[in-house]
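Here the structure is laid out as structure tokens; the discussion comes afterwards.
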Amino acid sequence: MRLRLLVVAISGLALTPVAGSASDRYVLWSARTAGAPSVPAHVLPADLDSVPQGSAIVVDRTVGGRLAVATRDQVVLENLDGSGRVVLPVAGVYDGRFSPDGSQLALASTACETGELVCLKLSIVDSDGGDLRTFPKPAGTARWFDNRTLAYVRNVGTDGIGTLVVGDANGRVLRVLGRSLAQPYVGPATSPNRKLVADQCRAQLVCVRSTGVPSNVVARFPGALTAPSLWSPDGSRIALTLAGNYTSRTVVGIVRTSRLKVISSPLYIHTEDTIIGWSPDSTTVLIQRRCFGADFCKDDVFSDVVSTHARRRLTHDDLKWESVRWARASLTYVTPPDE
């Protein structure tokens with residue numbers, strides 16, 4: 001078993017170097033402040049060891065430690081200590097989010113192996129596994145406004161075009177916000193103050209809309225999303241991962257001025273940069289770089305201060321980070337099995 005070294009020191013958060021072990025399971029890591037070395041906090045369900053590499057994802061976890069792990073054929077819910085385990089027969093899940101209080105989980109899936117957009121499906125389930133319900137119309141990725149309402153694209157057609165709505169957890173539409181595109185892994189992103197939502201409103205345009213009545217577009221940013229958008233904690237900016245020339249690049253959109261600030265743009269094709277987190281003070285983004293096919297390109301996780309582009313490397317290995325949580329005193333993330 002090889003050792004890997006995690007060095008974390010970002011945006012004033014000084015964390016101790018951590019010796020971590022590569023694993024054949026999904027592991028939750030916690031890097032804490034100096035004096036409290038990071039250790040594996042939890043090893044995800046043991047029977048996932050038999051699941052092929054890359055076919056299981058950690059779709060989300062709550063502040064209280066409830067985990068949701070999706071495989072090809074099911075979703076596993078359990079607590080960090082291994083208790084409260086429930087297996088749900090929901091196949092093809094590619095995204096999920098717990099409500100802010102952790103009481104409910106929204107699951108986005110595709111109901112057919114062909115991946116046709118009319119097969120997109122949205123389900124809601126209580127965090128204890130009860131009251132699983134699926135919305136009747138084709139619908140894509142959802143994001144919560146509060147503990148009872150969420151934004152999602154419904155009535156998705158074969159061209160991926162549908163209607164962006166605000167609705168409750170039982171499928172009832174409360175407000176219609178306008179035309180939008182739904183794609184796997186790409187959907188609306190709700191702002192921290194619940195007054196704005198960002199979505200792929202056109203094939204090459206990201207819109208930021210108000211959620212009031214009537215809904216108005218307050219900012220527009222060119223580009224096609226390839227990963228979920230992430231709002232800064234203060235709600236003034238939104239981080240976007242956009243398609244490039246056989247790459248993905250990262251930018252930050254300033255909502256007040258509709259201006260884009262480029263964060264990273266890979267030089268080599270088949271290199272994907274994805275923004276996976278914001279610092280608590282909204283100054284710094286966390287980027288995962290994944291290289292496919294280029295020997296001289298190395299997988300990487302690094303932080304970038306938006307105003308100055310000052311960078312710090314956190315890791316330089318090939319383990320993907322999932323379900324990143326960056327708090328004032330710690331940075332936690334999940335790594336998949338080592339190849």
Side-chain angles (χ1 to χ4, degrees), residues 13 25-32 36 38-46 48 56-71 74-90 93-109 122-134 141-152 167-170 185 187-194 227-233 235 275-280 286 320-336:
L13 180 61
R25 300 184 185 180
Y26 284 75
V27 179
L28 172 65
W29 296 89
S30 179
R32 301 187 184 281
S38 175
V39 295
H42 182 67
V43 178
L44 300 187
L48 289 183
I57 58 171
V58 180
V59 294
D60 202 20
R61 56 192 170 96
T62 67
V63 174
R66 188 72 168 159
L67 290 165
V69 183
T71 69
Q74 62 188 21
V75 174
V76 179
L77 300 174
E78 74 167 11
N79 300 324
L80 282 177
D81 61 6
S83 64
R85 191 175 190 211
V86 179
V87 178
L88 303 174
V90 182
V93 170
Y94 59 84
D95 185 89
R97 281 295 185 275
F98 281 104
S99 57
D101 66 359
S103 64
Q104 298 184 92
L105 174 68
L107 295 168
S109 62
L122 180 61
S123 303
I124 308 292
V125 64
D126 293 346
S127 61
D128 62 3
D131 195 19
L132 175 64
R133 60 266 193 204
T134 300
T141 303
R143 290 294 181 265
W144 296 90
F145 278 106
D146 51 38
N147 296 320
R148 296 293 176 264
T149 59
L150 31 72
Y152 61 96
D168 65 19
N170 294 312
Y185 304 101
T190 53
S191 66
N193 65 6
R194 299 178 291 179
S229 306
L230 295 177
W231 283 90
S232 60
I275 294 184
I276 57 176
W278 275 95
S279 63
L286 201 61
K320 184 180 181 183
W321 286 24
E322 298 177 355
S323 190
V324 175
R325 296 287 186 277
W326 190 349
R328 293 187 182 279
S330 67
L331 175 67
T332 59
Y333 58 95
V334 174
T335 59

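With rounding to the nearest 0.5 Å, the separation of CD1 in Ile124 from CG in Leu150 is 5.0 Å. Atom CG of Asp60 and atom CG of Leu67 lie 9.0 Å apart (nearest 0.5 Å). Taken to the nearest 0.5 Å, the CG atom of Leu88 stands 7.5 Å off from the CG atom of Leu107.
With sequence neighbours excluded, the residues that form a side-chain contact (heavy atoms from CB on, under 4.5 Å) with Ala108 are Tyr94, Asp95, Thr141. Remark: Phe98 pairs with no residue by the ring pair (Phe, Tyr, Trp, His ring centres under 6.0 Å) rule, at least two apart or across chains. The side-chain contact (heavy atoms from CB on, under 4.5 Å) search around Ser191 returns Asn193, Leu196, Trp231, not counting sequence neighbours. The side chain to side chain donor-acceptor pair (under 3.5 Å) check on Arg97 picks up nothing, with sequence neighbours excluded. For Asp126, the salt bridge (Lys or Arg N to Asp or Glu O under 4.0 Å) test picks out Arg133, with sequence neighbours left out. Shown here are the salt bridge (Lys or Arg N to Asp or Glu O under 4.0 Å) partners of Arg66, two or more places apart in sequence or in another chain: there are none.
The shortest non-hydrogen separation linking Val90 to Ser109 is CG1-OG, 4.5 Å. Looking at every heavy atom in both residues, Gly235 comes nearest to Pro192 through CA-CD, 3.9 Å. Pairing each heavy atom of Gly102 with each of Thr62, the nearest pair is CA-CG2, 3.9 Å. Taking every heavy atom of both residues into account, Ala327 and Pro280 meet most closely at C-CG, 3.5 Å.
Using modelled atom types, no side-chain atom of Arg85 and backbone atom of Asn79 make a donor-acceptor pair closer than 3.5 Å. Formation of a donor-acceptor pair under 3.5 Å by the Gln104 side chain with backbone atoms of Asn147 is found in this model. A donor-acceptor pair is defined here as one N or O able to donate and one able to accept, closer than 3.5 Å; no such pair exists between the side chain of Thr149 and the backbone of Gly167. Between the side chain of Trp278 and the backbone N or O of Leu230, at least one donor-acceptor pair lies under 3.5 Å. Thr190 contributes a side-chain N or O that, together with a main-chain N or O of Trp144, makes up a donor-acceptor pair within less than 3.5 Å.
At a threshold of 4.5 Å between non-hydrogen side-chain atoms, the residues Leu286 and Val324 count as touching. Counting only heavy atoms from C-beta outward, the side chains of Arg148 and Ser103 approach each other to under 4.5 Å.
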Practice prompt. Please lay out, stage by stage, how Leu132 and Ser123 fare under the test side chain to side chain contact (heavy atoms under 4.5 Å, CB included).
Written response: CA-CA 7 Å; Leu132 175 64; Ser123 303; 4.1 Å; yes
Practice prompt. List the steps and the verdict of side chain to side chain contact (heavy atoms under 4.5 Å, CB included) for Leu77 and Leu105.
Written response: CA-CA 10 Å; Leu77 300 174; Leu105 174 68; 3.7 Å; yes
